[in-house]
Structure formats: C-alpha cells, structure tokens
A.B. asks: 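Below is the structure I would like to discuss, written out as structure tokens.
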There are 2 protein chains.
Amino acid sequence: MSEPNLSSRQLRAFVALAEASNFTRAAARSHLSQPAFSALIRSLETAVGARLFDRTTRRVELTVEGARFLESARRLLHDVEDALRDVGEHAALRRGRVAVAALPALAAGWLPGVLAAFRARHPDIELDIADALSEACVERVRAGRADFALAAIRASAPELRTEPFCSDRFHLVCRRDHPLADRRRVGLADLGGHAFVSLARTSSVRQHIDAAVLPAKVQSVMELEQLSTVAGMVRAGLGVTVVPTLTLFHFEHPDLVTRPLHAPGLRRDIFVVRRRDRSLSIAAQALFELVMARRPARGRPR
Amino acid sequence: MSEPNLSSRQLRAFVALAEASNFTRAAARSHLSQPAFSALIRSLETAVGARLFDRTTRRVELTVEGARFLESARRLLHDVEDALRDVGEHAALRRGRVAVAALPALAAGWLPGVLAAFRARHPDIELDIADALSEACVERVRAGRADFALAAIRASAPELRTEPFCSDRFHLVCRRDHPLADRRRVGLADLGGHAFVSLARTSSVRQHIDAAVLPAKVQSVMELEQLSTVAGMVRAGLGVTVVPTLTLFHFEHPDLVTRPLHAPGLRRDIFVVRRRDRSLSIAAQALFELVMARRPARGRPR
DNA sequence: CGATCTTACGGGATTCGTAAACATA
DNA sequence: TATGTTTACGAATCCCGTAAGATCG
C-alpha cells in the first residue's frame, strides 16, 4: 500500500500532457492512441492518489496538485535519464576506468602499444597503470586497486584466479666484440668462466637465472636493481648477462648483441591474475580482451 | 530508443536484490515468486543496457556498473517516494494552502468559527485569510491570490463564477433607553425623525440603506468608516443605526438593543466567487465545502 | 547432492487500438 | 455542430506462478 508503482512512461506522458494541454496531441507525441494515453494518465492519477488535470472536452489544465507534481515529475525524469545515460556510457565504453598492474618489463616494453590501441578505440576510458614487481602487482588485485595484473608468480590467495599469460625465453646479452657474440648457438654451459652482470637477488629474473645458470658456475660480479644499469655495465665490457626476451628493449644498442639462450626448461612464466569472485567491469573486460589478444607470441606457459 | 521505460518496481527489486544478494530472499521480500523476480531483474538489465549482477547459483553480486547504478537507484526511489508523499499529503489534507477573501463582516463575525473547525480537522493546512471590501475580494480571486471569496457583489469578469451564498437582513440598533427600543416591530417609516449614525458612502451597507431608508428621511448626522465607531456613537446616544445581521456582533453591549427591521426587499445578498476555469485545490475545496455547509442560515439570495 | 538461479509454459491480468458514445463551446 | 475526451470491447501482449532443468560449491 505504501509502495505504489510508478513508471517513467507515466511520467513522460504526464509531462507531455502538461505541456500540450491536449490529450490528442500529447498522445501523438507519445506514440500512443489517444484512449491508451488517456488510460495511462488515469493510471498515474490513481497511483499518486490525486487528480492531476482538470479536463473538459475543451480544456485540459493542471490542478493545483498536478502543477506541484509536475516539478517533481520533471526532476525525476531528468534524474532517470541521467542515471540511464551514465550506465549506458559505461556499457558503450565511453566512460569507465581500468586499473592494471604489470611487471615493469611488460609495462615498459609491450604494454604501451596495447594501451595506445585501446585508447584509440576508447579515448574516454580512464587508465590507471601501475608498474610493480610481481608481489606488488598481485597485491593490488587482491586489494581491489587493480582489475587485473600481469605478474611472474601465481597468486596464492584463494580469492584470486591465476591463468597463464605467456612464457618468456631468456637471451644472452654481450658486447659485439665478446667471444660469445660469434657463437651461432649459445647454451648454459657456454657461460662458464665469463664475467656476469647480475640483477639483485630480490628480482624474479635473478631467481630464474640462479636456478639454471649457477650450475654453469659463472662469475657473478655485480648485483644491480635496474636493467638499464645492467645494460650500461655490459656495454662497458664488464661482463655478459642473461635476461628474458621481454626485457630486450633495454639492450638495443649498436655495441650489443643478443642471442637466444638454448636452455630447455629455462623460462619465465607470466600469469594474468584476477579476482575470482568479481567480474571485470565492462571497460576492464574490454582491455583484458585486448591484452589477451595481443599477448606476446612466445607461447604460453604450462 | 532513447526512452527506455523504467518502473519503480524494477528499482525496488534491484535495490532489494543488491541488499539481499540472494534472489530467493529478495523475491520473498518483494512479494514475488522467485522466477518472476528474476524476470524483473532481467527486464531492468535490458532497460539499462548492462548486466547489473554477476550471478552464479551460489553467489549474487553487483557488477561494477551495478554498484554505480545502485546509488542512482536509491536516490531515484527516495525522490519518487518524496514526490508521492508530497502529493499524498496534499490529497489527505495534511498539507496545502487555502486563500480566502471575505467581507470584514463575515471575516470577523462568522468566518472565525468556520476556520476553527477547519483547523481542528486539518491543522497543517496553511490558511491565508484576507478581509477586504467586496471589490478587493473579487480582485483577489481574479488575480489568483485567493481561491474563493465571499463578497457582496456579483463578479463581472467572465473568468469568474459567482453563486449565491446567503442573504443578509438588516437590523435596527439603538440604545436601550431609545423610544424605538420598546417597539415590538420596527419598520422603515419608524426611523423618520430620529438621529441616524451612518457609515461612509463608499460602504456597500450604506448603499443598501440609502436606497431603502432615505425615503424615510432620517437625519443623517455622521459618516463613519468603522462599524465599531458606529457602535460607540450609538451607545453615546448620538443616534440609531441600521446594519446587516452579520455585523451585529459589533453591537453586543448591555446598553444597546437590536431589532429586526421590517423592510421587505431590503437585504444584502452575499455571493461566493471562484474562478471559472480552474478547479479548487483539494484543501480549498475542503474549506469551500465547510463554508457552504455552515453558511449563515438567513436564507439565500435570489 | 543440496541449494539456487534459469528456462518452460499455461492462465490471468494488463494494455493496446478501433469504433462508438458522450460532452462542451 | 465540431472538436476532443471517455467508454466499450476484442485482440495482442505482458506478467505471474508452478514445475522442470541447469549449475555451482
């Protein structure tokens, strides 16, 4: 009893009649037959519990209560349209927001091209990109601060869903004048005895390499945080290094050469991490699909 | 296409489901079967053009867009309820406003009791009472500043509707020790030769009296604006006067006596004036009906 | 396998449009 | 009488509730 139904069609008809002061014209404007329109107005009057119009066959005029309700009706219709437009713009990818976290290697080398394509298609979607190490990437998703993440570790939290994204092979990087630069094919064993420039032990790349390369007993001479520093060291002739394919953009320099490292089993798997319970927003889903469609063609882990 | 329909039932169902996160319970709360409720939600999602819930059989959760729309839906429902309550309170006479214009005689003597009864029944209706001479009363109605008026003249404007309200007889007022005070029956001819206290010529009462009493050639000694002044003059023994029944409350005093004046045809007709085109507001209609029901029982003009 | 949402479907209410009746200036 | 609203009514649509089916945990 305290919850009468009210539809936007009724309100639109009401406003149309208030503006036209004529059932026939208002009905035409509303794409309804005049009797159907009349019934619609009557249903509204029943719903609100008061006569809204004084009608004679010659004149149709708002009652005092109708005039008062007209203001409410106009405002309600305006707000309804606002709300619908808001949702509609999100659905049409004209509004929205996507938050992504990605490993620096992906964020710097591969992601920008994907984002450029996305922005070209959906210029009004806000993008929130975080480049962070794998743990931080996953944490952002878990905390709801990122819609999805590209990280080198599987998430452990049960509320997260981890799927393979791509698998990164490793490359040798050395100076053009280094003895290894001439080898057609470089294997793990070939690294023995050469000075080696390493990343810090906290890096996931380093952990992969330690596991595979250490048996080769390379000389580890440095522990650096940034790959660009590593590139500088290698260019200065201080040693060689081994890095994943996706980071090779750091080493594009005339003095340096890169060689695929022939080491079966040595690879860095990268995963895409999302929340398990929540679906992606429309905007996030769109970027997610683009990300998956343009994933690096190195094959997939597992 | 740009005008999808949206009903308050859909919004209520949506909010209920968002709060319950469970179709079965939300359906029960909405007094609907679960499949009907489900269809209602689906119809809303179709109308707004986006999925609002992620549902598995185990979990029902708002999508990002749904969460955004929830705020709009809550606000819309709140505003709808406000609008309906506003109209409902007017219809139930718990809110509203009535503006009445009445001759001072009615406004002072008879109207207050009617207003007291009205206010007792509808204490929250605003009352706007104007006491004014007949022309000003009619003008207030014509200008829309009064819902209806009680005046001693018929309105001339075509947009006004004039109906008989009551007919006022006249009374002689004199001091208890005046010779006329002992007459069982007083007629116009009996006034001859007695000092007479008159209102100003602009008063409608005076105009009635002049037309009827002048033939009796009374001595007109004063021309006053206020009946209370007339009462003082009569009490001081400066003359007698003749006034309509409705004004007798001015002369209720131990020293004064009033006698019905036997003068067929001498009467003051009072009319109720409304706009012809507009109906009265619910509140005005209620007061109008009370006014008509309690009209002075002197008979009606015409 | 149990709880829960969706699909299927028959019955009933609602709403539509056409046509006739009715009312006012 | 002419214009414009309401009533009448058959048809199409929509909506509801029951029952069966599908799905996730």
Side-chain angles (χ1 to χ4, degrees), chain A residues 3-14 16-48 51-63 66 157-161 274-279, chain B residues 3-47 51-63 66 157-161 274-279:
Chain A
E3 38 181 274
N5 190 21
L6 211 63
S7 73
S8 58
R9 287 181 65 243
Q10 288 172 316
L11 295 182
R12 263 186 279 268
F14 170 64
L17 182 54
E19 288 172 352
S21 292
N22 177 302
F23 275 73
T24 306
R25 282 194 289 277
R29 225 191 90 182
S30 305
H31 310 291
L32 272 176
S33 74
Q34 192 275 327
F37 184 87
S38 186
L40 196 57
I41 295 294
R42 210 178 322 127
S43 75
L44 177 64
E45 290 183 323
T46 301
V48 304
R51 285 183 67 81
L52 300 173
F53 293 96
D54 284 321
R55 44 261 226 205
T56 72
T57 56
R58 271 309 187 212
R59 198 189 297 271
V60 175
E61 278 191 334
L62 284 167
T63 61
E159 68 265 32
L160 297 182
R161 180 166 45 158
R274 299 181 265 175
R275 294 187 60 107
R276 183 178 299 279
D277 48 358
R278 294 189 200 155
S279 69
Chain B
E3 38 182 272
N5 191 21
L6 210 65
S7 73
S8 59
R9 287 182 66 242
Q10 289 173 316
L11 294 181
R12 262 187 279 268
F14 170 65
V15 172
L17 182 54
E19 288 172 353
S21 292
N22 176 302
F23 275 72
T24 306
R25 282 193 291 277
R29 223 191 90 184
S30 305
H31 310 292
L32 273 176
S33 73
Q34 192 276 324
F37 184 87
S38 187
L40 197 58
I41 295 295
R42 208 178 323 125
S43 75
L44 177 63
E45 290 183 322
T46 301
R51 286 184 68 80
L52 299 174
F53 293 96
D54 283 321
R55 43 267 226 201
T56 72
T57 55
R58 268 307 188 216
R59 198 190 297 271
V60 175
E61 278 192 334
L62 284 166
T63 60
E159 68 265 32
L160 297 182
R161 181 166 43 158
R274 299 181 264 175
R275 292 187 63 107
R276 183 178 299 279
D277 49 358
R278 296 190 199 155
S279 69

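In what follows, chains carry the letters A, B, and so on, assigned in the order in which the sequence lines appear, proteins first and then strands, with residues in each chain numbered from 1.
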A.B. asks: Select one nucleotide: of D:dC24, D:dT6, C:dG17, the one nearest the side-chain heavy atoms of B:Arg58.
C.D. replies: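 It is D:dC24.
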A.B. asks: Could you check how far CG of B:Leu32 sits from P of D:dC15, rounded to whole Å?
C.D. replies: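 After rounding, the gap between these two atoms is 12 Å.
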A.B. asks: Could you check how far CG of A:Asn22 sits from P of C:dT24, rounded to whole Å?
C.D. replies: 17 Å
A.B. asks: Under 4.0 Å from OP1 or OP2 of D:dT5: is there any side-chain N or O of A:Thr24 that close?
C.D. replies: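 Yes, because at least one side-chain N or O of A:Thr24 sits under 4.0 Å from OP1 or OP2 of D:dT5.
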A.B. asks: So, is B:Thr56 near the phosphate of C:dT4, with a side-chain N or O under 4.0 Å from OP1 or OP2?
C.D. replies: no
A.B. asks: Closer than 4.0 angstrom, basic N to acidic O: yes or no for B:Glu45 and B:Arg55?
C.D. replies: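 Yes.
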A.B. asks: Would you say B:Ser38 reaches C:dT6's phosphate, i.e. side-chain N/O to OP1/OP2 under 4.0 Å?
C.D. replies: yes
A.B. asks: Is a side-chain N or O of A:Ser43 found less than 3.5 angstrom from the main chain of A:Leu40, in a donor-acceptor match?
C.D. replies: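 Judged by distance alone, yes, a pair lies under 3.5 Å.
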A.B. asks: Using a cut-off of 4.0 Å on non-hydrogen atoms, how would the nucleic acid contact of B:Arg9 be classed: base, sugar-phosphate, or nothing?
C.D. replies: sugar-phosphate
A.B. asks: B:Leu40 CG to D:dG17 C1': how many Å, rounded?
C.D. replies: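 From B:Leu40 CG to D:dG17 C1': 14 Å.
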A.B. asks: Given D:dT5, C:dA25, C:dT6, which nucleotide is nearest the side-chain atoms of B:Pro35?
C.D. replies: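 Taking heavy atoms from C-beta onward, the closest nucleotide is C:dT6.
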A.B. asks: What is the distance, rounded to the nearest whole Å, between atom CD of A:Gln34 and atom P of C:dA19?
C.D. replies: 15 Å
A.B. asks: Rounded to whole Å, how long is the line connecting atom CD of B:Gln10 with atom C1' of D:dC16?
C.D. replies: 15 Å
A.B. asks: State whether the side chain of B:Thr46 and the backbone N or O of B:Arg42 hold a donor-acceptor pair below 3.5 Å, judged by distance alone.
C.D. replies: yes
A.B. asks: Strictly distance-based, threshold 3.5 Å: is any side-chain N or O of B:Ser30 a donor or acceptor partner for the main-chain N or O of B:Ala13?
C.D. replies: no
A.B. asks: Which residue, B:Arg25 or A:Ser43, contacts DNA chain C at a nucleotide closer to its 5' end, judged by nearest heavy atom?
C.D. replies: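 With B:Arg25 and A:Ser43 compared, the 5'-side residue is B:Arg25.
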A.B. asks: Could you check how far CG of B:Asn5 sits from P of D:dC15, rounded to whole Å?
C.D. replies: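 Distance check: B:Asn5 CG to D:dC15 P gives 9 Å.
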A.B. asks: Can you tell me if the side-chain N/O atoms of A:Arg59 get under 4.0 Å from OP1 or OP2 in C:dA25?
C.D. replies: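 Negative; the distance criterion is not met.
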A.B. asks: Of the nucleotides D:dT5, D:dT23, C:dT6, which one has an atom closest to the side chain of B:Arg55?
C.D. replies: C:dT6
A.B. asks: Enter the distance from B:Asp54:CG to B:Glu61:CD here, rounded to the nearest 0.5 Å.
C.D. replies: 7.0 Å
A.B. asks: Using atom CZ of A:Phe53 as one end and atom P of D:dT5 as the other, report the distance to the nearest whole Å.
C.D. replies: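 Spelled out: CZ on A:Phe53 to P on D:dT5 is 11 Å.
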A.B. asks: Considering only D:dT7, D:dG4, C:dC5, which nucleotide approaches the side chain of A:Arg42 most closely?
C.D. replies: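 Side chain of A:Arg42 sits closest to D:dT7.
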A.B. asks: Please state how far atom CZ in B:Phe23 lies from atom P in D:dT23, giving the value in whole angstrom units.
C.D. replies: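 Rounding to the nearest Å, CZ of B:Phe23 and P of D:dT23 are 16 Å apart.
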A.B. asks: Does the side chain of B:Ser33 get closer than 4.0 angstrom to OP1 or OP2 of D:dG17 through an N or O atom?
C.D. replies: yes
